[in-house]
Participant: 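One structure follows; several queries about it will come next.
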Amino acid sequence: MSLDLNLNPTLLPQLGLNPKQDEAVKYFAGPLLILAGAGTGKTKTLTSKIALLIASGISPSRVLAITFTNKAAQEMLHRVGKLVPYSGGMWIHTFHALGARILRQHGRLIGIKQDFVIYDDDDQKKLIGLAMEELGFEAEKNKASMYLSIISRAKDDLLDAQSYLINAQATDDPARLKAAQIYHRYQKKLNEAGAMDFGDLIVRTVELLNEKEEIRSYFQENFQYILVDEYQDTNHAQYVLVKTLSAKHKNLCVVGDPDQSVYGWRGADIRNIMEFEKDFPDAFTVVLEENYRSTARILHAANELIKHNRNRRPKNLWTKADHGDPPEVLEYQNENDEARGIVDEVKHLTGRGSFTYNDIAVFYRTNAQSRSFEEACRRARIPYRLIGSVRFYDRKEVKDVLAYLKLLVNPGDTISLLRVVNTPARGVGKTALDRVMAYSRQKEMPLYDALLSAEQVPDITNTARRGIKEFLDLLEGVKSDLFSATPSAMLANILEKSGYWKMTEDLAEKEPQESLARLGNLQELVNAVKDFEEHCARDGAAPTLHKYLEEVMLSSQVDKLNTDTHAITLMTVHLAKGLEFPAVFVTGLEENLFPINAANASEEDLEEERRLAYVGMTRARQRLFLTWANTRRVYGTTYPNLGSRFIFESKVAKETATRSGEEDVQVLASYTPPPSIPRVGKGRKVMHPVHGPGRVVDQIGSGELAKVTVVFDSGVRQTFMLKYAPLQPI
């Protein structure tokens with residue numbers, strides 16, 4: 001316990017902490033690692049720790065808490081407010097929101113304008129496309145997503161464009177050299193547009209702290225206590241930011257679970273949490289293992305699965321709750337049968353009154369798998385909400401109007417300008433725009449300034465010039481109210497004066513349903529801005545357009561998860577992280593799908609896939625179903641499947657029997673896979689716990705990758721991955 005902190009004794013008894021949580025909450029003697037298993041009350045522990053600090057006399061403004069979603073940040077603020085009365089001032093942000101706040105305040109010291117806009121993935125891909133065009137790589141524009149990923153990972157590693165180029169030159173790899181060129185041009189255009197991407201919000205903040213000693217000293221002194229949630233998901237840039245900010249007081253508390261590190265593909269570095277005690281040799285570690293979410297049988301299955309990972313910290317979740325129903329493995333013939341079978345299970349669960357639609361979630365490994373579940377739900381008239389499809393703020397009409405609003409804040413925003421300069425149509429076609437862009441490059445001026453000089457641009461029509469003037473007059477007219485009108489008033493002005501609302505209404509003559517949907521989305525945008533203004537009023541903050549746009553850009557897909565309407569939830573397992581449901585279906589558990597690309601995956605990749613399955617399983621409170629299909633159609637071709645190794649490793653693997661017609665899935669038997677690969681070559685007689693005796697008729701591969709086909713005496717023919725097959729030689 002910190003020697004300079006007198007803990008308030010009256011709050012602790014009210015918190016209702018278990019002994020390990022209590023130990024973590026009261027420790028303030030330096031670096032603290034809280035290894036918090038799934039469902040062990042990490043949010044309660046974090047908020048209790050923050051509340052205890054404030055109750056013990058620490059100013060809220062001296063506390064920094066970092067989360068990974070806005071939803072988590074809001075929940076933390078709400079919980080702290082219920083525990084201790086305080087007037088605000090605490091820094092509870094996502095990493096990106098923290099970077100944006102610091103850069104808005106002090107970024108000018110390293111040449112960043114205060115009115116910078118934030119580009120989302122779609123904006124970034126378009127800007128990369130423009131960079132590729134300028135570099136003569138237009139034929140490869142379909143690879144913009146790939147280059148965006150390369151650039152994002154470079155920024156996660158704190159490699160700016162010049163550093164990446166130096167590394168590429170050292171390897172003399174043509175592909176990396178091309179990526180370096182694109183990165184350099186993309187960053188140049190990003191800077192010219194007065195825009196930041198998500199990586200910049202961290203990279204430039206680290207740059208600011210490194211280069212400006214007075215700013216670094218200010219924040220290091222100010223943040224007396226720093227707490228970081230989901231530390232296993234931090235990348236290198238975030239790690240450096242946290243280490244820099246905590247360097248003076250060293251009161252750094254990180255909370256996380258290596259077993260739930262599932263974002264390696266987007267830059268997360270599990271070493272940050274695994275090596276925390278090396279980074280901070282005087283760190284104290286508390287392990288939270290008592291689970292308050294799931295039944296004992298669900299936890300047993302999850303524990304059995306995850307212990308197959310080597311790169312982890314030993315941990316065994318347990319609960320005082322009932323054993324509960326055993327997890328079930330359901331096998332289907334194909335993906336459509338799987339979807340229909342799950343819908344039948346949903347009917348069964350809800351029909352008995354034990355569960356509502358809101359209680360049930362279906363998880364899958366890839367977005368493409370959602371189609372069969374959506375169709376099955378529609379046919380069965382079961383309402384569903386699809387998380388991870390086109391977000392509200394990603395819909396065309398919403399992005400169009402937001403582009404107008406971004407231009408009011410920052411006219412240099414190239415991508416927003418290109419998006420709406422001719423939307424609605426003003427006669428400013430592609431040819432005219434290409435010539436204006438060429439003029440801006442020739443004169444080395446921003447695109448907006450080139451539009452202002454449209455009279456000097458050669459070879460564009462008078463119609464285009466009139467359209468450009470109309471567009472600029474519109475922006476300048478509305479922009480005059482930027483500092484006096486509310487965001488909702490600015491939005492109403494844009495919708496009316498741009499002609500966008502009328503254009504959408506006019507669409508009704510040709511496509512009435514589409515027009516209705518778009519008008520509904522525009523009206524919902526108006527509602528969203530008004531909600532934002534009301535939220536600001538409750539917090540006593542000014543509702544600026546800058547702040548609204550930043551909030552929109554930094555929102556995540558699960559921040560707005562709406563459970564007001566009764567519907568089952570469909571989502572990828574990655575998006576399920578941080579959520580929980582009474583009943584969960586983890587689907588598509590087949591080799592090469594989940595784990596994905598199993599045949600070619602490294603051990604590191606397989607461990608991340610196993611962690612992902614573990615995350616899916618530990619979202620379930622009462623009922624857990626693991627499902628797979630014998631065959632699945634991929635790009636129009638049907639392929640046979642093997643059940644995922646994760647099913648067998650969880651020790652709940654069970655065979656199923658089905659009847660023709662409607663799926664009637666019965667769980668027949670349970671077994672544990674043998675500890676070593678059985679020696680059963682071609683021609684060998686084997687015994688299966690459900691199908692009985694049979695003979696191996698074919699074998700492909702060897703060792704851990706060996707697959708065998710068995711014809712059983714019953715006539716059933718089945719293919720198994722030998723390592724995980726419940727086969728014993730006779």
Participant: Nearest 0.5 angstrom please: Met571 CE to Ile568 CD1, how far?
Facilitator: 11.5 Å

Participant: Taking NZ, NE, NH1 and NH2 as the nitrogens, is one of them in Glu580 or Arg619 under 4.0 Å from a carboxylate oxygen of the other?
Facilitator: no

Participant: What I want to check is whether the side chains of His300 and Trp318 have a donor and an acceptor closer together than 3.5 Å.
Facilitator: no

Participant: Counting only N and O atoms by type, is there a donor-acceptor contact under 3.5 Å from the side chain of Glu608 to the main-chain atoms of Gly264?
Facilitator: yes

Participant: Examine distances only and state if a side-chain atom of Ser515 and a backbone atom of Thr504 form a donor-acceptor pair shorter than 3.5 Å.
Facilitator: yes

Participant: Among pairs that include at least one residue of residues 356-369, which meet salt bridge (charged side-chain N to carboxylate O under 4.0 Å, His left out), considering only residues two or more places apart or in two chains?
Facilitator: Arg365-Glu609

Participant: Does Phe585 reach the side chain of Glu345, with side-chain heavy atoms less than 4.5 Å apart?
Facilitator: yes

Participant: Using 0.5 Å steps for rounding, measure from the CG atom of Leu570 to the OG atom of Ser370.
Facilitator: 7.0 Å

Participant: Can you sort out the partners of Ala376 under side chain to side chain contact (heavy atoms under 4.5 Å, CB included), two or more places apart, ordered by chain and number?
Facilitator: Ala339, Val343

Participant: Write down the atom of Thr627, the atom of Thr587, and the distance for their closest heavy-atom approach.
Facilitator: OG1-CA, 3.2 Å

Participant: Go through the structure and list residues passing side chain to side chain donor-acceptor pair (under 3.5 Å) with Asp259, not counting sequence neighbours.
Facilitator: Arg312, Lys315

Participant: What's the separation between atom CD in Gln232 and atom CG in Asp269, rounded to the nearest 0.5 Å?
Facilitator: 12.0 Å

Participant: How are the rings of Phe373 and Tyr364 set to each other: parallel, tilted or perpendicular (split at 30° and 60°)?
Facilitator: parallel

Participant: Any side-chain heavy-atom pair from Val401 and Lys396 closer than 4.5 angstrom?
Facilitator: no

Participant: Does a donor on one side chain and an acceptor on the other come within less than 3.5 Å for Glu375 and Ser372?
Facilitator: no

Participant: Is it the case that the side chain of Ser294 and the backbone of Ala620 share a donor-acceptor pair, with hydrogens and angles ignored and the cut-off at 3.5 Å?
Facilitator: yes

Participant: Quick one: does Glu140's side chain get under 4.5 Å of Tyr147's, heavy atoms only?
Facilitator: yes

Participant: My understanding is that only residues two or more places apart in sequence, or in another chain, count here; which of them pass side chain to side chain contact (heavy atoms under 4.5 Å, CB included) with Asp156?
Facilitator: Arg153, Asn235

Participant: For Glu374 and Tyr384, which I'm curious about, is there any donor-acceptor pair between the side chains at under 3.5 Å?
Facilitator: yes

Participant: Within a radius of less than 6.0 Å around NZ of Lys126, do more than 12 heavy atoms belonging to other residues, nucleotides or ligands occur?
Facilitator: yes

Participant: Check the surroundings of atom CG in Asp322: do more than 12 heavy atoms from other residues, nucleotides or ligands lie under 6.0 Å from it?
Facilitator: no

Participant: Short question: side chain of Asn303, backbone of Leu317 - any donor-acceptor pair under 3.5 Å?
Facilitator: yes

Participant: Can you name the closest pair of heavy atoms from Val255 and Ala36 and give their distance?
Facilitator: CG1-CB, 4.0 Å

Participant: Between Phe646 and His308, is the ring centre distance below 6.0 Å?
Facilitator: no

Participant: Going by heavy atoms in the side chains, are Thr618 and Ile298 under 4.5 Å from each other?
Facilitator: no

Participant: So which heavy atom on His566 is nearest to which on Pro383, and how close?
Facilitator: O-CG, 3.2 Å

Participant: For Val526, give me all partners under side chain to side chain contact (heavy atoms under 4.5 Å, CB included), at least two apart in sequence or on another chain.
Facilitator: Leu491, Leu495, Gln523, Lys530

Participant: Rounded to the nearest 0.5 Å, how far does CD1 of Ile306 lie from OH of Tyr614?
Facilitator: 6.5 Å

Participant: My understanding is that only residues two or more places apart in sequence, or in another chain, count here; which of them pass side chain to side chain donor-acceptor pair (under 3.5 Å) with Arg695?
Facilitator: none

Participant: Does Val615 offer a backbone N or O that forms a donor-acceptor pair with the side chain of Gln260 under 3.5 Å?
Facilitator: no

Participant: With sequence neighbours left out, what residues match Lys510 under salt bridge (Lys or Arg N to Asp or Glu O under 4.0 Å)?
Facilitator: none

Participant: Under the ring-ring contact (aromatic ring centres under 6.0 Å, His included) test against His96, which residue among Tyr119, Phe68, Phe198 passes?
Facilitator: Phe198

Participant: Can you check whether Val686 reaches Val696 side chain to side chain, under 4.5 Å on heavy atoms?
Facilitator: yes

Participant: Indicate whether any N or O donor in one side chain lies under 3.5 Å from an N or O acceptor in the other, for Asn521 and Glu397.
Facilitator: yes

Participant: Which pair of heavy atoms, one from Thr67 and one from Ala72, lies closest together, and at what distance?
Facilitator: CB-CB, 4.0 Å

Participant: Quick one: list whatever passes side chain to side chain donor-acceptor pair (under 3.5 Å) with Gln622, sequence neighbours left out.
Facilitator: none

Participant: I'd like to know if Glu591 and Arg645 make a salt bridge, using a cut-off of under 4.0 Å between side-chain N and carboxylate O.
Facilitator: yes

Participant: Any ion pair linking Lys399 and Asp120 (charged N to carboxylate O, less than 4.0 Å)?
Facilitator: yes

Participant: Using a 4.5 Å cut-off on heavy atoms from C-beta on, say whether the side chain of Tyr548 contacts that of Val529.
Facilitator: yes

Participant: Between Asp123 and Arg419, is there a salt bridge with N-O shorter than 4.0 Å?
Facilitator: no

Participant: Taking all heavy atoms of Asn291 and all of Ala38, pick out the closest pair and write down the distance.
Facilitator: ND2-O, 2.5 Å

Participant: Side chains of Val697 and Val710: closer than 4.5 Å at any heavy-atom pair?
Facilitator: no

Participant: Could you check whether Arg518 pairs with Glu514 (Lys NZ or Arg NE/NH1/NH2 to Asp/Glu carboxylate O, under 4.0 Å)?
Facilitator: yes

Participant: Which residues pass the salt bridge (Lys or Arg N to Asp or Glu O under 4.0 Å) test with Lys141, not counting sequence neighbours?
Facilitator: Glu133

Participant: State plainly whether the residues Glu649 and Arg610 are in salt-bridge range, i.e. N to O under 4.0 Å.
Facilitator: yes

Participant: Output all residues satisfying salt bridge (Lys or Arg N to Asp or Glu O under 4.0 Å) with Glu505, sequence neighbours left out; order by chain, then residue number.
Facilitator: none

Participant: Taking only residues two or more places apart in sequence, or in another chain, which ones meet Gln74 in a side chain to side chain donor-acceptor pair (under 3.5 Å)?
Facilitator: none

Participant: Is there a donor-acceptor contact under 3.5 Å linking the side chains of Thr569 and Arg385?
Facilitator: yes

Participant: Could you give the distance from CZ (Arg297) to NE2 (His323), rounded to the nearest 0.5 Å?
Facilitator: 6.5 Å

Participant: Between CG of Asp605 and CH2 of Trp265, what distance do you get to the nearest 0.5 Å?
Facilitator: 13.5 Å

Participant: Could I get the full list of side chain to side chain contact (heavy atoms under 4.5 Å, CB included) partners for Ala321, not counting sequence neighbours?
Facilitator: Thr319

Participant: For Glu604, does the CD atom sit with more than 12 other heavy atoms under 6.0 Å from it, leaving out its own atoms?
Facilitator: no

Participant: Ion pair present between Arg340 and Asp344, side-chain N to carboxylate O less than 4.0 angstrom?
Facilitator: no

Participant: Pairing donors with acceptors under 3.5 angstrom, does anything connect the side chains of Asn641 and Asn630?
Facilitator: no

Participant: What's the shortest heavy-atom distance between Phe363 and Gly616, and which atoms?
Facilitator: CE1-O, 3.7 Å

Participant: Does the side chain of Arg266 reach to within under 4.5 Å of the side chain of Ser152, using non-hydrogen atoms?
Facilitator: no

Participant: Consider only side-chain N and O atoms of Glu590 and Ser644, and report whether a donor and an acceptor are under 3.5 Å apart.
Facilitator: no

